[in-house]
A.B. asks: 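Here you go, one structure.
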Amino acid sequence: MSISIRILLSGYFPELTEDQLDKYERMAELYREWNEKINVISRKDTEHIGEHHILHSLGIAKVIQFPAQAHVLDVGTGGGLPGLPLAVMFPDVKFHLVDSIGKKIHVVQEIARELHLHNVTASHMRAEQVREKFDFVVSRAVTRLANFYPWVMNSFKREAIPDKGIYYLKGGDLEEEIAESGLITKVNDLKDYFTEEFFETKKVVVVPMP
C-alpha cells in the first residue's frame with residue numbers, strides 16, 4: 001500500500017523529494033492507526049487514503065502554488081485534510097488548521113508532531129472565532145458555499161497578493177450551489193489533472209478575494 005502512495009504522488013508531483021514522499025507514506029500509516037481509535041475518515045476509505053484523501057487534498061496544489069511565507073487557514077480540517085498534505089508539499093508556508101471537534105484537532109497535532117511539520121499549528125475553534133488574518137483559505141466540502149463564505153470573508157489580510165482567495169474542494173454538480181452563493185468563482189476540474197475515476201466529479205472552487 002505505501003509503495004503505491006509513493007508511485008501515485010511522484011507520478012503527479014515529480015518535484016517531490018524523498019523526504020516528502022517518506023512523510024506522505026508515514027502520514028497514511030498514521031491515519032490508519034488513528035482511525036482505529038477515532039473516526040477521522042470514513043472506515044471504508046482506509047484502503048484508499050493515498051488517492052481519496054492525500055492526493056485529493058493536493059488537488060489544490062495543481063491550481064495554486066502558495067508563495068513562501070504565505071499564511072494559509074484550513075477551515076473544518078477534521079483530521080487535517082487538506083492542510084497536512086499541503087503542509088508537506090509547501091514547507092515554507094505557514095498553515096493554521098481549525099476544527100470545532102477537539103478530538104480531531106488532537107489527531108492533527110499528533111500527526112504534525114510525528115511528521116515534524118514545524119509549519120503547522122492547529123486550534124480547536126470555529127472559523128468565526130479565528131482572529132488572525134491569512135493570505136489564503138482552504139477547505140474540503142465542509143458546507144455549502146453560501147454558508148461557508150460568511151465564516152471566512154473577514155479572515156483575509158489587507159495586502160494584495162497574487163491569487164489571494166478561497167480554495168474549496170467540492171464534488172458533484174455545483175451550478176446551483178454557486179448560483180445560490182452569488183460569488184464570483186473559478187471552477188477547476190480535478191479530472192483535468194488526475195486520471196483516477198474518483199476525481200471524475202471532484203473540483204477545486206476558487207473564490208478570488210480583493
Side-chain angles (χ1 to χ4, degrees), residues 1-6 8-10 12-41 45-46 48-125 127 130 132-140 142 152 155 157 161 166-169 204:
M1 180 59 65
S2 60
I3 293 172
S4 66
I5 287 177
R6 284 186 99 81
L8 179 72
L9 298 182
S10 59
Y12 287 122
F13 298 96
E15 70 276 16
L16 287 170
T17 65
E18 287 300 309
D19 179 64
Q20 286 171 312
L21 291 169
D22 288 344
K23 282 185 165 72
Y24 286 126
E25 279 190 343
R26 182 67 183 126
M27 183 184 292
E29 290 171 7
L30 289 165
Y31 274 125
R32 286 190 197 97
E33 290 168 18
W34 275 106
N35 222 48
E36 290 178 9
K37 307 172 202 171
I38 298 170
N39 200 13
V40 184
I41 59 177
D45 247 5
T46 51
H48 304 285
I49 289 169
E51 181 184 324
H52 293 185
H53 298 283
I54 296 175
L55 183 60
H56 186 211
S57 296
L58 294 178
I60 289 173
K62 285 295 188 185
V63 300
I64 174 73
Q65 289 289 302
F66 297 122
Q69 307 310 316
H71 286 70
V72 180
L73 175 66
D74 177 4
V75 172
T77 189
L81 302 162
L84 290 179
L86 290 170
V88 173
M89 174 76 73
F90 299 103
D92 298 325
V93 174
K94 295 185 174 72
F95 290 84
H96 186 54
L97 283 55
V98 300
D99 199 275
S100 60
I101 300 174
K103 63 184 181 181
K104 291 190 175 181
I105 286 297
H106 175 68
V107 173
V108 171
Q109 291 167 334
E110 288 300 308
I111 293 177
R113 183 182 60 78
E114 180 85 19
L115 297 178
H116 307 292
L117 296 179
H118 304 298
N119 59 334
V120 171
T121 54
S123 300
H124 171 209
M125 61 171 57
V130 179
E132 200 181 336
K133 303 299 182 189
F134 298 85
D135 302 301
F136 304 94
V137 170
V138 299
S139 192
R140 189 164 88 140
V142 173
V152 300
S155 295
K157 295 180 184 179
I161 182 169
I166 299 166
Y167 291 78
Y168 204 35
L169 288 161
V204 180

A.B. asks: I need the I49 CD1 to L55 CG distance, nearest 0.5 Å.
C.D. replies: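 So the CD1 of I49 and the CG of L55 are separated by 13.5 Å.
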A.B. asks: What's the verdict on side-chain contact (heavy atoms from CB on, under 4.5 Å) for V130 and V98, showing C-alpha distance, side-chain angles and the deciding distance?
C.D. replies: CA-CA 8 Å; V130 179; V98 300; 3.9 Å; yes
A.B. asks: For the residue pair S57 and P82, what are the closest heavy atoms and their distance?
C.D. replies: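 The pair with the smallest heavy-atom distance is OG-CA, 3.3 Å.
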A.B. asks: Closer than 3.5 angstrom, by distance alone: can the side chain of Q20 be matched with the main-chain N or O of T17 as a donor-acceptor pair?
C.D. replies: yes
A.B. asks: At what distance, to the nearest 0.5 angstrom, does NZ of K157 lie from CD of E132?
C.D. replies: 7.5 Å
A.B. asks: Between CD1 of I111 and CD of E33, what distance do you get to the nearest 0.5 Å?
C.D. replies: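 Those atoms lie 9.0 Å apart.
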A.B. asks: Just say parallel, tilted or perpendicular for the rings of F90 and F66, cut-offs at 30° and 60°.
C.D. replies: perpendicular
A.B. asks: Working to the nearest 0.5 angstrom, can you tell me the gap between H56 NE2 and L81 CG?
C.D. replies: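 Taking NE2 in H56 and CG in L81, the distance rounds to 10.0 Å.
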A.B. asks: side-chain contact (heavy atoms from CB on, under 4.5 Å), that's the test. Do H124 and Q109 meet it? Break it down for me.
C.D. replies: CA-CA 11 Å; H124 171 209; Q109 291 167 334; over 6 Å; no
A.B. asks: Answer yes or no: does atom CD of E15 have more than 12 heavy-atom neighbours from other residues, nucleotides or ligands under 6.0 Å?
C.D. replies: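 Yes - once you tally the heavy atoms of other residues, nucleotides and ligands closer than 6.0 Å, there are more than 12.
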A.B. asks: Can you see which heavy atom on I60 is nearest to which on Y167, and at what distance?
C.D. replies: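 Taking I60 first and Y167 second, the nearest heavy atoms are CD1-O, 3.8 Å.
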A.B. asks: Under the salt bridge (Lys or Arg N to Asp or Glu O under 4.0 Å) criterion, do E110 and R113 qualify, and how do the steps go?
C.D. replies: CA-CA 5 Å; E110 288 300 308; R113 183 182 60 78; 2.6 Å; yes
A.B. asks: After noting the C-alpha distance and the side-chain angles of I105 and T77, does the key distance pass the side-chain contact (heavy atoms from CB on, under 4.5 Å) rule?
C.D. replies: CA-CA 8 Å; I105 286 297; T77 189; 3.9 Å; yes
A.B. asks: Ignoring hydrogens, what is the shortest heavy-atom contact between A70 and D135? Give both atom names and the distance.
C.D. replies: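 That closest heavy-atom pairing would be CA-OD2, 3.4 Å.
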A.B. asks: Should we say atom NZ of K133 is surrounded by more than 12 heavy atoms from elsewhere, each under 6.0 Å from it?
C.D. replies: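 Counting other residues, nucleotides and ligands, NZ of K133 exceeds 12 neighbours.
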A.B. asks: Can you find a pair of side-chain heavy atoms, one from Y168 and one from V137, that are under 4.5 Å apart?
C.D. replies: no
A.B. asks: Applying side-chain contact (heavy atoms from CB on, under 4.5 Å) to Y24 and L16, what does each step give before you reach the verdict?
C.D. replies: CA-CA 10 Å; Y24 286 126; L16 287 170; 3.9 Å; yes
A.B. asks: Would you give the length of the straight line joining atom NZ of K23 to atom CD1 of I54, rounded to the nearest 0.5 angstrom?
C.D. replies: 13.5 Å
A.B. asks: Report yes if some heavy atom in the side chain of L30 is under 4.5 Å from a heavy atom in the side chain of L115; otherwise report no.
C.D. replies: yes
A.B. asks: Quick check: does any side chain N or O of E25 sit under 3.5 Å from a backbone N or O of R6, one acting as donor and the other as acceptor?
C.D. replies: no
A.B. asks: Can you classify the ring geometry of H116 versus H118 as parallel (below 30°), tilted (30 to 60°) or perpendicular (above 60°)?
C.D. replies: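 Ring orientation of H116 relative to H118: tilted.
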A.B. asks: What are the two closest heavy atoms between N35 and I41, and how far apart are they?
C.D. replies: OD1-N, 2.9 Å
A.B. asks: What is the minimum heavy-atom distance between V93 and N119, and which atoms define it?
C.D. replies: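 V93 and N119 have their closest heavy atoms at O-ND2, 3.0 Å.
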A.B. asks: Nearest heavy-atom pair of I5 and A28: which atoms, and what distance?
C.D. replies: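 Closest pair (atom of I5, atom of A28, distance): CD1-CB, 3.2 Å.
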A.B. asks: Is there a donor-acceptor pair closer than 3.5 Å between any side-chain N or O of D92 and the backbone N or O of Q69?
C.D. replies: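 Looks like no, no N/O pair under 3.5 Å.
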A.B. asks: Is a side-chain donor or acceptor of Y31 paired with a backbone partner of G79 at a separation under 3.5 angstrom?
C.D. replies: yes
A.B. asks: Does any part of the side chain of H53, heavy atoms only, come nearer than 4.5 Å to the side chain of R140, both counted from C-beta?
C.D. replies: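 Side chain of R140 against side chain of H53, heavy atoms only: contact under 4.5 Å found.
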A.B. asks: Measure from the side-chain N and O atoms of S10 to the backbone N and O of P14, and report whether any donor-acceptor pair falls under 3.5 Å.
C.D. replies: no
A.B. asks: Do we get K62 above F13's six-membered ring, with its NZ or CZ under 6.0 Å from the centre and within 45° of the axis?
C.D. replies: yes
